[in-house]
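All of these numbers come straight from a predicted model, not from anything done at the bench. Every number for a ligand or one of its atoms is a count from 1 in the order of the listing.
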Amino acid sequence: MSNHNRFATMLQNAVQEGRAVAAFNVYNLESATAAVQAAQRTGAPVILALGERYFANVRPVVMRAMVDALVPADMRERVALHLDHAAAKESCMEAIEAGFDSVMIDGSHLPFAQNAQVTKEVVEAAHARGVGVEAELGGLAAGDSSHEFSTGTQVLTDPEQAALFVAETNVDALAVSVGTVHGLYRGEPHVDLPRLQEIHQRIAQPLVLHGGSGTPAPLLREAVARGVAKVNVNTEVALAAVQRIAGLVVDKPRIHFAELGLASVEAMTAVMEDYILRFDSKRPLPLSR
Ligand code: 13P
């Protein structure tokens, strides 16, 4: 295995170039195909993120093989495979063993010292193999249709604690809670940009924004201008697939399952492309926004 931390390089380049890398949750062949296709069509880098909660759908070793088979050689450097939200250190180890580019150890529900401790352990194991690490401090609220395990209580990230946490753990990227929610907003989004700015001023590492779904493009660009180098998107992509499938099934109840797969890839790719454009301050905003 190479010792090149592709995750860290990808995010550092993004900060320098005024954009964030889109991280899309993947849990089957269709979602992985859509993410690779969106990267292909936009020419942008992309992160495919398998959450610990999707291990029931597909184990890391299978996802690694699938992504290797899907990504053409000339796109390898700009497509990374990441473990999203893993509460268990064992899940991180499983993804590292499987050859993932990066892992997220999520100890955000733990007291600071325990979160820092488990993060530090994962960083040591991961960095020895050239694997990047993301951790989280603070907690996101759960919005509508959220598919996360978390309790969903919002705890905004404290800038001073964030600086301490990064110094203690040596993580490559820090996920922060500044008002975005997992799932869809139940009202207007309130993102605390001054807080994000303060965190950005205190730490050199790239920041990660979870809860991308439904966040307006101008707000996302304000976040990118304040050190956000990776934005996670899950719910809106999954809902696009389900809505497309539901429509097809209503029209033709005996439709073949294979057709639904193809239609879902198309629906997911369109939403993903739209998000990729929103995260790049050098590109015009997509017309849909
Ligand atoms: P959304 O489902 O709100 O897009 O959030 C995704 C996410 O943060 C995954 O880690």
Practice task
Report yes if N25 has an N/O atom closer than 3.5 Å to an N/O atom of ligand 1; otherwise report no.
Solution key: no
Taking only heavy atoms of [X], which atoms of ligand 1 are found under 4.0 Å from at least one of them?
{"X": "V233", "value": "4 (O)"}
{"X": "H210", "value": "8 (O), 10 (O)"}
{"X": "G212", "value": "3 (O), 4 (O), 5 (O)"}
{"X": "H85", "value": "10 (O)"}

Suppose we measure from [atom] to each protein heavy atom; which comes out shortest, and what is that distance?
{"atom": "atom 3 (O) of ligand 1", "result": "G183 N, 2.8 Å"}
{"atom": "atom 2 (O) of ligand 1", "result": "T235 OG1, 2.4 Å"}
{"atom": "atom 4 (O) of ligand 1", "result": "S213 OG, 2.6 Å"}
{"atom": "atom 8 (O) of ligand 1", "result": "G211 N, 2.8 Å"}

Fill in the blank from the handout: Partner of H82 under ring-ring contact (aromatic ring centres under 6.0 Å, His included), picked from F100, F24, F7, is F7
Flag, side chain of [X] to backbone of [Y], donor-acceptor distance under 3.5 Å:
{"X": "S213", "Y": "E236", "result": "yes"}
{"X": "R186", "Y": "A142", "result": "yes"}
{"X": "R78", "Y": "V46", "result": "no"}
{"X": "S102", "Y": "V131", "result": "no"}

Handout entry: Stepwise side-chain contact (heavy atoms from CB on, under 4.5 Å) check, F279 with V233
Key = CA-CA 11 Å; F279 301 158; V233 183; 3.9 Å; yes
Practice task
Determine, step by step, whether L83 and M104 satisfy the side-chain contact (heavy atoms from CB on, under 4.5 Å) criterion, reporting the C-alpha distance in whole Å, the side-chain angles of both residues, the deciding distance to 0.1 Å, and the verdict.
Solution key: CA-CA 6 Å; L83 173 68; M104 177 193 188; 5.8 Å; no
Exercise for the section: Could you pull out the closest heavy-atom pair between S31 and M272, with the gap in Å? Expected result: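 Heavy atoms of S31 and M272 come nearest at O-CE, 3.9 Å.
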Handout entry: Within-shell test, E236 vs ligand 1, heavy atom, strictly < 4.0 Å
Key = no
Practice task
For V181 and ligand 1, answer yes if some heavy atom of the residue is under 4.0 Å from a ligand atom, otherwise no.
Solution key: yes
Completion exercise
Check: of V208, T180, N234, D84, min heavy-atom distance to atom 6 (C) of ligand 1 comes from N234
Exercise for the section: Tell me which part of H147 gets within contact of ligand 1: side chain, backbone, both or neither, using heavy atoms under 4.0 Å. Expected result: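 Answer for H147: neither.
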Practice task
Would you give the length of the straight line joining atom OG1 of T169 to atom CD1 of I105, rounded to the nearest 0.5 angstrom?
Solution key: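 T169 OG1 to I105 CD1: 11.5 Å, rounded to 0.5 Å.
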